[in-house]
Amino acid sequence: EKNPLDNIDVNKVMMHLDWAGIAYFDDQNKAVDPVKNDSRVVFMGNSITQGWMHYMPEMFDNQTYINRGIGGQTTPQMLLRFRQDVIAHQPKAVVILAGTNDIAGNTPMKDLETVAGHLFSMAELARQHDIKVILCSVVPAKEYPWRKGKRPDAKIPELNKMIQAYCNETDIHYLDYFTAMTDGKNGLIESYGYDGVHPDEDGYKVMTELVEKALDQLLDR
């Protein structure tokens, strides 16, 4: 009798087993200087964080500013890789920007409270290791061109309210990209992005200015 396991593609199975991208940054993580750097900041996120490297490569040297964005990722995936991609580098601060892919349904979403809980768990893990936290609002989006009907224009503001309330309760720095980047109808200002979701160079300039200001305050620079 034929074994049904004979038809399994081992490479595909291995990719599914590394659902959270645990091995994604292995080489970059090995290249980080283990000596503690008092200016070190890790940026944790999805394609919006990852894309920053494309537009502003000079900002992320993998030593002082470390980019750990993986396109398409959701908050449970980031939570699973948080220890090795953030805590292991002993940064002074972490900038967490996530949640839009959960709303898009890249992985099954239970509810917004669960998404918020994953963000709060990352923040709590960081604080447990004396890492200062910046929790960012989700960047505005009117619609996901690749997955329509998910209502990000309604759900993103709702999630942002949860994030802001948590930051107020726990004295964590809330970084409000949304207000600075919205077109007034809960969408992204057209000139700040190329598809209504992902920032372009102008969008990243706004984000860079806001995050640098927040880090200056947080780290007394």
Should [X] and [Y] be regarded as members of a common hydrophobic cluster, given that ILVMFWY residues are connected when their side-chain heavy atoms come within less than 4.5 Å of each other, either directly or indirectly?
{"X": "I96", "Y": "I103", "value": "yes"}
{"X": "V42", "Y": "F60", "value": "no"}
{"X": "F43", "Y": "I66", "value": "no"}
{"X": "I156", "Y": "Y177", "value": "no"}
{"X": "L210", "Y": "I189", "value": "yes"}

Does atom [atom1] of [X] have more than 12 heavy-atom neighbours from other groups under 6.0 Å away?
{"X": "D216", "atom1": "CG", "value": "yes"}
{"X": "E190", "atom1": "CD", "value": "no"}
{"X": "E113", "atom1": "CD", "value": "yes"}
{"X": "K36", "atom1": "NZ", "value": "yes"}
{"X": "E209", "atom1": "CD", "value": "no"}
{"X": "R151", "atom1": "CZ", "value": "no"}

- Query: With under 30° as parallel and over 60° as perpendicular, where do the rings of W146 and H198 fit, or are they tilted in between?
  - Reply: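 The rings of W146 and H198 sit tilted, inter-plane angle from 30° to 60°.
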Please confirm whether the backbone N or O of [Y] pairs with a side-chain atom of [X], one donor and one acceptor, at under 3.5 Å?
{"X": "N101", "Y": "Q73", "result": "yes"}
{"X": "Q84", "Y": "I22", "result": "yes"}
{"X": "E143", "Y": "D153", "result": "no"}
{"X": "T182", "Y": "G187", "result": "yes"}

- Using a strict cut-off of less than 4.0 Å between a Lys/Arg side-chain nitrogen and an Asp/Glu carboxylate oxygen, indicate whether D38 and R40 qualify as a salt bridge. no
- Contact summary for N67 and F25, nearest pair of heavy atoms: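 Between these two residues, the closest heavy atoms are O-CE2, 3.8 Å.
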- Item | side-chain hydrogen bond (donor to acceptor under 3.5 Å, both in side chains) evaluation trace for N29 with H89 | CA-CA 8 Å; N29 285 340; H89 303 310; 2.8 Å; yes
- Cation-pi between R81 and Y24: NZ/CZ under 6.0 Å from ring centre and within 45° of the ring axis? no
- In Y192, Y194, Y204, the residue satisfying ring pair (Phe, Tyr, Trp, His ring centres under 6.0 Å) with Y55 is Y204
